[in-house]
Amino acid sequence: MECQSQSGQPETPKRSRVTGIFHKLRTNLVFRSKLAEINGAMGDLGTYIPIVLALTLAKDLDLGTTLIFTGIYNAITGAVYGVPMPVQPMKSIAAVAISSTAEDFGIPEIMAAGICTGGILFVLGISGLMQLVFNVIPLSVVRGIQLSQGLAFAMSAVKYIKKEQNFSKSKSVGDRPWLGLDGLVLALVCVLFIVLVNGDGEEEEEEEEGDGDGSRGRRRRRVSIRSFIANVPSALLIFLLGVVLAFIRKPSIVHDIRFGPSKMKVVRITKKAWKNGFLKGTIPQLPLSVLNSVVAVCKLSYDLFPEKEFSAASVSMTVGLMNMVGCWFGAMPTCHGAGGLAGQYKFGGRSGGCVALLGVAKMVLGLVLGGSLVGILEKFPVGVLGALLLFAGIELAMAARDMNTKGDAFVMLICTAVSLGSNAAIGFVAGILLYVVLWLRNYGRVKRSTIPPRSDELP
């Protein structure tokens with residue numbers, strides 16, 4: 001039986017597929033709650049802004065081009081996946097670039113590292129190997145990677161709040177003063193404001209009504225007040241506060257603004273740049289991208305959005321395509337990240353429309369203001385960014401709370417400790433080895449049941 005269109009004409013299979021695609025895009029991009037989705041879009045900026053600013057100041061990264069391309073990535077991934085899928089800098093490549101000289105690891109090497117990493121991830125995705133990796137990795141090891149990444153974000157956030165930062169050199173430069181437009185008091189007030197509005201992130205249930213009219217009225221008022229507070233866009237207000245304070249801290253920023261996009265050009269990558277980019281950038285970045293940008297993101301997405309279905313292979317391919325295209329034009333190497341997804345979920349992101357809106361904002365800023373945004377970001381209060389990053393990290397770390405058995409918790413915590421003490425790749429290997437050793441040790445052993453015997457089984 002043929003499908004009927006709204007006009008009454010039979011739909012061809014091709015037209016039906018096109019209709020289905022448009023329906024899926026519309027469903028993926030629809031806002032669950034307009035204010036909450038806008039607020040959720042700010043949840044990833046605590047990671048995004050510091051790294052982008054550091055690369056711009058230290059390596060002369062083209063900020064305008066990066067904003068345009070990452071905005072396009074945000075819009076496409078939001079439409080494809082229907083969840084607040086983040087677009088974050090590749091952290092290992094950024095760390096190598098910031099700690100190296102421009103001659104040793106400059107823009108050509110950064111882009112070569114991004115293209116090589118993206119190419120490998122694309123091959124892993126399209127070949128199905130990434131899905132195989134995703135299926136065989138134990139959940140306790142994934143939770144260990146998530147916990148270590150969440151704690152690393154949280155510790156960086158505390159450093160941002162407590163210490164003044166020199167992002168161009170990626171180091172702290174002294175204690176943050178208590179007072180001032182980027183003081184410790186301001187950062188702590190932002191933290192407390194987020195706690196007051198968002199609480200612990202648990203969805204609240206409506207209270208049952210009382211017996212008397214007076215009791216019902218008081219309960220309604222309390223629920224109404226809590227509902228009003230919960231709907232305050234905390235992350236959006238804090239971000240806007242940071243922008244205002246940036247202009248107050250340096251009013252001359254206004255005169256430095258130049259309208260128009262940056263001039264895009266293809267990056268020339270020499271043979272030496274390809275070699276250095278692969279050896280110094282791709283090799284340390286690849287394990288982190290596989291574990292945190294694909295495996296951990298998919299696991300966390302299934303936890304938060306069980307109704308959404310997409311494969312690790314598709315996520316690996318989108319990360320690959322982003323870098324195989326944008327890096328040729330000087331856009332920062334990017335990936336997805338479990339921390340960004342957790343942060344956007346924490347502040348209200350529930351659909352692809354959340355990141356699509358963020359992507360449109362990035363594209364507009366990149367096209368209208370281009371590289372002149374550097375001056376604004378340079379004066380943005382770092383303590384305020386720390387407040388946003390803190391809760392993104394805590395939300396990611398709390399994904400590990402479902403490790404209920406002692407064996408799973410043991411593997412997870414060893415994996416976390418090794419990851420924090422070295423890196424995610426070594427932590428992953430340690431977790432896998434420990435999991436296998438414990439499995440071999442317990443093979444064939446009958447576990448003692450925790451279910452009490454029935455009364456008729458008692459002697």
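Just so you know, these numbers use all the heavy atoms, side chains as well, and skip hydrogens, waters and symmetry mates.
- Side-chain contact between Leu385 and Pro50 is present, with heavy atoms from C-beta onward closer than 4.5 Å.
- Ala313 is linked by a side chain to side chain contact (heavy atoms under 4.5 Å, CB included) to Gln131, Ser311, counting only residues two or more places apart in sequence or in another chain.
- Around CG of Asp60, the count of heavy atoms belonging to other residues, nucleotides or ligands within 6.0 Å does not exceed 12.
- Between Val267 and Phe329 there is no side-chain heavy-atom pair separated by less than 4.5 Å.
- Residues Val384 and Leu186 share a closest heavy-atom pair of CG2-CD2, 4.0 Å.
- Shortest non-hydrogen contact noted between Tyr81 and Lys308 is O-CD, 3.9 Å.
- Checking Val295, Val294, Leu288 one by one against Asn292, the side-chain contact (heavy atoms from CB on, under 4.5 Å) holds for a single residue, Leu288.
- Aromatic ring centres of Tyr160 and Phe167: separated by under 6.0 Å.
- Taking CG from Leu63 and OG1 from Thr56, the interatomic distance works out to 4.5 Å, rounded to the nearest 0.5 Å.
- By the 6.0 Å and 45° rule, Lys299 stacks over the aromatic ring of Phe134.
- Here the closest heavy-atom approach between residue Met85 and residue Val315 is recorded as CE-CG2, 4.4 Å.
- Between Arg401 and Asp303 no salt bridge is recorded (no basic side-chain N to carboxylate O distance below 4.0 Å).
- Note that NE2 of His336 and OG of Ser316 are 9.5 Å apart. Values are rounded to the nearest 0.5 Å.
- Using a 3.5 Å distance cut-off with no hydrogens or angles, the side chains of Thr70 and Tyr48 do pair a donor with an acceptor.
- Going from atom OG1 of Thr117 over to atom CG of Leu121 covers 6.5 Å, rounded to the nearest 0.5 Å.
- Leu61 has its side chain out of reach of Ile110: every pair of non-hydrogen atoms, C-beta onward, lies at least 4.5 Å apart.
- Without hydrogens or angle criteria, Gln285 side chain to Ile93 main chain gives a donor-acceptor distance under 3.5 Å.
- Counting only distance, with no hydrogens or angles, the side chain of Ser351 and the backbone of Val30 share a donor-acceptor pair below 3.5 Å.
- Looking at Glu395 and Phe391, their side chains never come closer than 4.5 Å, going by heavy atoms from C-beta outward.
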Exercise for the section: Walk me through it: do Asp44 and Thr47 pass the test side-chain contact (heavy atoms from CB on, under 4.5 Å)? Expected result: CA-CA 6 Å; Asp44 190 29; Thr47 304; 4.1 Å; yes

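- Within a 6.0 Å sphere centred on CD of Glu307, other residues, nucleotides and ligands contribute more than 12 heavy atoms.
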Practice task
Go through the steps for Tyr73 and Lys362 under the test side-chain contact (heavy atoms from CB on, under 4.5 Å), then give the verdict.
Solution key: CA-CA 10 Å; Tyr73 304 156; Lys362 287 179 181 178; over 6 Å; no

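- A salt bridge links Asp402 to Arg143: at least one charged side-chain nitrogen sits closer than 4.0 Å to a carboxylate oxygen.
- Below 30°, between 30° and 60°, or above 60°: for Phe310 and Tyr302 the angle between ring planes is between 30° and 60°, a tilted geometry.
- Aromatic ring centroids of Phe278 and Trp274 lie 6.0 Å or more apart.
- Arg350 is listed as a side-chain neighbour of Phe305, based on a closest heavy-atom distance under 4.5 Å.
- Residues satisfying the salt bridge (charged side-chain N to carboxylate O under 4.0 Å, His left out) test with Asp182, not counting sequence neighbours, are Arg176, Arg249.
- Across every non-hydrogen atom of Ser156 and Leu389, the tightest pair is CB-CD2, 4.2 Å.
- Asn39 and Ser234 get closest at one heavy-atom pair: OD1-N, 3.2 Å.
- Inter-residue side-chain proximity for Phe347 and Leu236 is flagged as unmet; no heavy-atom pair is nearer than 4.5 Å.
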Practice task
Apply ring-ring contact (aromatic ring centres under 6.0 Å, His included) to Trp439 and Tyr435, showing your working.
Solution key: CA-CA 6 Å; Trp439 182 84; Tyr435 180 87; 8.2 Å; no

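- Not counting sequence neighbours, Asn276 has no partner by the side-chain hydrogen bond (donor to acceptor under 3.5 Å, both in side chains) test.
- Interatomic distance, CD of Gln165 versus NZ of Lys159, reported as 5.5 Å (0.5 Å rounding).
- Put simply, CE on Met363 and CG on Asn74 are 8.5 Å apart, with the number rounded to the nearest 0.5 Å.
- Put simply, OG1 on Thr282 and CE on Met90 are 8.5 Å apart, with the number rounded to the nearest 0.5 Å.
- Neither side chain, Thr101 nor Asp104, offers a donor N or O lying under 3.5 Å from an acceptor on the other.
- Gly242 and Pro381 make their closest contact through O-CD, 3.3 Å (heavy atoms, listed as atom of the first residue, atom of the second, distance).
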